[in-house]
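Just so we're on the same page: letters track the sequence lines, and every chain starts at 1.
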Amino acid sequence: MTLSVFNTMGNRKEPFVPLVPGKVGMYVCGVTVYDLCHIGHARANVAFDIIVRYLRYAGYDVTYVRNFTDIDDKIIRKANQKGIPFAEVTKKYIDAFYEDFDRLGLLRPDVEPRATEHIPGIVALVARLVRGGKAYEVGGDVYYSVKGFPGYGKLSGKNVEDLRAGARVDVDERKNDPLDFALWKASKPGEPAWESPWGPGRPGWHIECSAMSMKHLGETFDIHGGGKDLVFPHHENEIAQSEAATGKPFARYWLHNGFVNINNEKMSKSLGNFFTLRDVLAQVKPEVLRFFLASSHYRSPIDYSDQSLTEAKAGLDRLYRVKEKAEACRAAGASPSPIPPGEEAAPLLSAPARFVEAMDDDFNTAAALGHLFDAIRALNRLAPGEPSAERDRAGMFLAGYELLDPLFSVLGLLRAGAKEYFQERLDFIHVGGITAEMSISDAVKVELNPRITEDEIERRIEARRAARAARQYAEADRIRKDLEAAGVLLEDGKAGTTWKYKE
RNA sequence: GGCGGCAUAGCCAAGUGGUAAGGCAGAGGACUGCAAAUCCUUUAUCCCCCGGUUCGAAUCCGGGUGCCGCCUCCA
């Protein structure tokens with residue numbers, strides 16, 4: 001079985017064959033850094049994070065490029081509102097991006113180009129288009145001429161005549177054609193500007209991605225990804241300008257993730273119905289969000305709600321309980337020992353193959369997770385009551401866990417220690433929304449109502465142990481209830497009592 | 001108006017021709033002093049509706065209905 005991917009170009013699933021065997025060049029449209037990221041950004045980034053992880057797991061040498069668009073109208077507007085330089089705006093939100101996404105456990109791309117650092121390349125590309133008669137200059141602006149590119153619309157399935165008919169009335173009269181778009185924009189006084197053959201100005205949207213992807217991956221590369229909303233016009237325009245300039249095919253596979261919905265409606269800035277990533281991460285552990293996102297296919301719409309997150313947490317807790325047991329086995333000195341094959345162990349032993357089969361089918365993480373849960377049930381059957389007393393079972397359990405761990409790793413799950421996961425406190429809490437105006441460090445400082453210390457928990461567990469030994473069960477139950485009210489859950493195992501935060 | 005997508009149990013969600021994965025929630029049982037966790041059993045005679053193709057369809061075709069997205073900044 002080989003990997004197949006759904007290619008927006010052509011709207012069908014097709015076998016994935018990279019340009020150079022064993023190597024993959026992948027460009028993902030990053031964010032325009034003028035505001036905090038919301039869950040929609042999280043979905044896109046997690047989706048492609050998993051795709052990169054899987055490609056690497058499958059043996060490909062991946063060059064992963066993800067840009068920051070750090071100059072555009074919205075950034076300039078924000079800078080003007082605040083009366084600060086645009087670079088200060090972009091720095092703030094790039095920092096925020098890393099803070100948020102590092103917590104989500106995103107891999108850092110191999111290259112993270114920024115538009116402002118590629119101006120010479122952008123200017124050169126625009127000049128190449130002008131020279132080739134594919135673009136024209138009007139009063140310091142440069143427009144791409146759609147008419148000269150017969151393939152226009154091939155990605156989004158649009159036809160040029162329909163687009164013209166539907167074009168807005170307030171068409172810029174300086175354009176030859178309403179569909180033409182800006183490659184270079186002349187700057188007004190006071191705006192950020194770079195020198196160019198057409199006078200001082202800045203890049204239009206779209207061109208930076210063409211310039212940066214081609215610089216880092218070549219004129220033709222394997223995968224170009226982004227959110228569904230980028231198909232038109234962003235990616236359509238990228239194709240037009242890139243292919244018109246080089247005469248070569250641009251990206252070979254176009255992958256687009258579906259939206260995050262709220263109450264079945266697209267979450268977006270313009271609708272105002274979005275949650276920032278840090279709003280969400282104030283309420284749930286980052287990995288819970290990751291699990292939630294991985295539990296649907298990346299192209300399906302996914303509805304965000306408190307209930308879905310609660311369910312995701314329950315599922316992820318179950319996975320971490322398995323890791324907890326594996327850690328206990330290791331701590332008891334067990335070393336992995338072979339698992340006897342048989343019907344009982346089959347879901348476990350076949351998990352890697354079935355995981356690969358699911359992921360090979362256009363990165364079907366939902367099906368892959370299903371197989372992992374099958375494996376988990378089989379693995380739990382092997383769980384020793386007390387690892388140090390049942391070395392054989394402990395060894396098999398550990399071996400089973402180690403079989404699955406690399407698969408979880410592909411999904412970016414179970415990366416923390418179990419104790420760390422269960423006894424982790426959320427860094428900061430949601431207090432009526434953490435706004436963009438609030439500095440990140442302020443937000444982090446807002447502490448949950450002071451909780452019982454870990455020493456105190458241990459003390460009470462010891463008191464309860466003594467009460468139970470004396471058969472004073474009423475007292476023991478009272479201690480357990482008190483702790484539960486404080487958000488601490490006790491679990492009595494054969495080897496003693498452990499605790500975890502409930503949240 | 002043009003183009004595209006979706007509709008599977010209480011909820012979430014796989015499944016694109018061979019007779020309904022998985023998760024959450026629920027029920028019963030084992031274990032436990034009682035819980036929690038874990039294990040076992042159980043929960044869709046059926047996949048929006050109506051036709052059709054087929055030995056056989058949730059899966060293919062035609063027609064409906066409902067919802068959503070893109071066509072404008074947007075992951």
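A:N264 has its CG atom 14 Å from the C1' atom of B:rC11, to the nearest Å. The separation between A:E343 atom CD and B:rC40 atom C1' is 15 Å, rounded to whole Å. Atom pair A:L372:CG and B:rA13:P shows a separation of 19 Å (rounding to whole Å applied). Following rounding to the nearest Å, A:D362 (CG) and B:rG5 (P) show an atom-to-atom distance of 14 Å. Put simply, CD on A:E161 is 16 Å from P on B:rG2, counting in whole angstrom units. The distance from atom OH of A:Y34 to atom C1' of B:rC73 is 7 Å, rounded to the nearest whole Å. The CG atom of A:N257 sits 17 Å away from the P atom of B:rG5 (whole-angstrom rounding). Nucleotide B:rG22 holds its C1' atom 16 Å from the CZ atom of A:F292, rounded to whole Å.
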A:E454 vs A:W499, side-chain contact (heavy atoms from CB on, under 4.5 Å): CA-CA, chis, key distance, verdict: CA-CA 10 Å; A:E454 295 188 15; A:W499 65 273; 3.9 Å; yes
Could you walk me through whether A:K158 and A:E236 pass salt bridge (charged side-chain N to carboxylate O under 4.0 Å, His left out), step by step? CA-CA 10 Å; A:K158 299 190 181 303; A:E236 194 69 60; over 6 Å; no
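Contacts of A:G370 with the nucleic acid, taken as non-hydrogen atoms under 4.0 Å apart, include base atoms. Looking at heavy-atom distances under 4.0 Å, A:V260 makes contact with a base. Looking at heavy-atom distances under 4.0 Å, A:G258 makes contact with a base. Across all strands, A:S300 comes closer than 4.0 Å only to sugar-phosphate atoms, never to a base (heavy-atom distances). At a threshold of 4.0 angstrom between heavy atoms, the contacts of A:H234 with the nucleic acid are absent. A:S296 comes within 4.0 angstrom of the backbone, heavy atoms only, and of no base. A:D374 comes within 4.0 angstrom of sugar-phosphate atoms only, judged by non-hydrogen atoms across all strands, and of no base.
Across the strands present, B:rC67 finds its partner in B:rG5; the criterion is a Watson-Crick or G-U wobble pair with both atom distances under 3.5 angstrom. B:rA27 and B:rU41 make up a base pair, with Watson-Crick or G-U wobble contacts both under 3.5 Å. Pairing for B:rC47 is absent, judged as Watson-Crick or G-U wobble with the two contacts each under 3.5 Å.
Taking every side-chain heavy atom of A:K158 into account, B:rC70 is the closest of B:rC70, B:rC73, B:rG23. Residue A:A367 has its side chain nearest to B:rA14 when only B:rA75, B:rA14, B:rC12 are considered. For A:E265, the side-chain atoms get nearest to B:rC68 when compared with the rest of B:rC68, B:rC71, B:rA14. Closest to the A:H41 side chain, of the nucleotides B:rA13, B:rA75, B:rG33, is B:rA75. For A:V31, the listed nucleotide lying nearest its side chain is B:rA75; candidates were B:rC70, B:rC11, B:rA75.
Comparing B:rG15 with B:rG63, their P atoms are spaced 25 Å from each other, to the whole Å. Using atom C1' as the reference point in both B:rG22 and B:rA44, the two lie 15 Å apart (nearest Å). Across B:rU65 and B:rC50, the matching P atoms stand 15 Å from one another, rounded to whole Å. A distance of about 36 Å separates the C1' atoms of B:rC60 and B:rA25, rounded to the whole Å. With P as the reference atom, B:rC34 and B:rA9 are 39 Å apart, rounded to whole Å. B:rC11 and B:rG2 are spaced 36 Å apart, taking the C1' atom of each and rounding to whole Å. As rounded to the nearest Å, B:rA36 and B:rG5 have C1' atoms that lie 44 Å from one another. Comparing B:rG66 with B:rA21, their C1' atoms sit 27 Å apart, to the nearest whole Å.
The distance between the ring centers of A:F250 and A:F221 falls below 6.0 angstrom.
Aromatic ring pairs are classed by plane angle as parallel below 30°, tilted from 30° to 60° and perpendicular above 60°; the pair A:F373 and A:F291 is perpendicular. The aromatic rings of A:Y54 and A:F363 stand perpendicular to each other, their planes meeting at an angle above 60°, with 30° marking the opposite boundary. Relative ring orientation between A:F97 and A:F68 is described as perpendicular, the plane-to-plane angle rising above 60° on a 0-90° scale split at 30° and 60°.
Between A:E484 and A:R480, no side-chain nitrogen of the basic residue sits less than 4.0 Å from a carboxylate oxygen of the acidic one, so the salt-bridge criterion is not met. At a threshold of 4.0 Å, the pair A:D405-A:R415 counts as salt-bridged, since one of the basic side-chain nitrogens sits closer than that to a carboxylate oxygen.
When the nearest nucleotides of RNA chain B are assigned to A:A474 and A:G157 by heavy-atom distance, the more 5′-ward of the two goes with A:G157. If you find the closest nucleotide of RNA chain B to A:H206 and to A:R299, the one lying nearer the 5' end belongs to A:R299.
No hydrogens or angles considered: nothing links the side chains of A:Y34 and A:R77 as a donor-acceptor pair under 3.5 Å. No side-chain N or O of A:D70 forms a donor-acceptor pair with one of A:Y93 less than 3.5 Å apart.
Under 4.0 angstrom from either OP1 or OP2 of B:rG15 there lies at least one side-chain N or O belonging to A:N364. OP1 and OP2 of B:rA14 both lie 4.0 Å or more from every side-chain N or O belonging to A:S295. Listed pair A:K266 / B:rC70 meets the phosphate criterion, a side-chain N or O lying under 4.0 Å from OP1 or OP2.
Among A:Y144, A:F149, A:F232, the single residue meeting the ring pair (Phe, Tyr, Trp, His ring centres under 6.0 Å) criterion with A:F181 is A:Y144.
On a pure distance criterion of 3.5 Å, no polar donor-acceptor pair joins the side chain of A:D162 and the base of B:rG1.
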Under-3.5 Å N/O pairs linking protein and nucleotides 35-38 of chain B:
residue, atom, partner, partner atom, Å
B:rA35, N6, A:D492, O, 3.3
B:rA35, N1, A:D492, N, 3.1
B:rA35, N1, A:D492, OD2, 3.4
B:rA35, N3, A:R480, NH1, 2.9
B:rA36, O2', A:E491, OE2, 3.3
B:rA36, N1, A:D492, O, 3.3
B:rU38, O3', A:N380, ND2, 3.2

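By the criterion of a centre-to-centre distance under 5.5 Å and near-parallel planes under 30°, the ring of A:Y473 forms a stack with the base of B:rG33.
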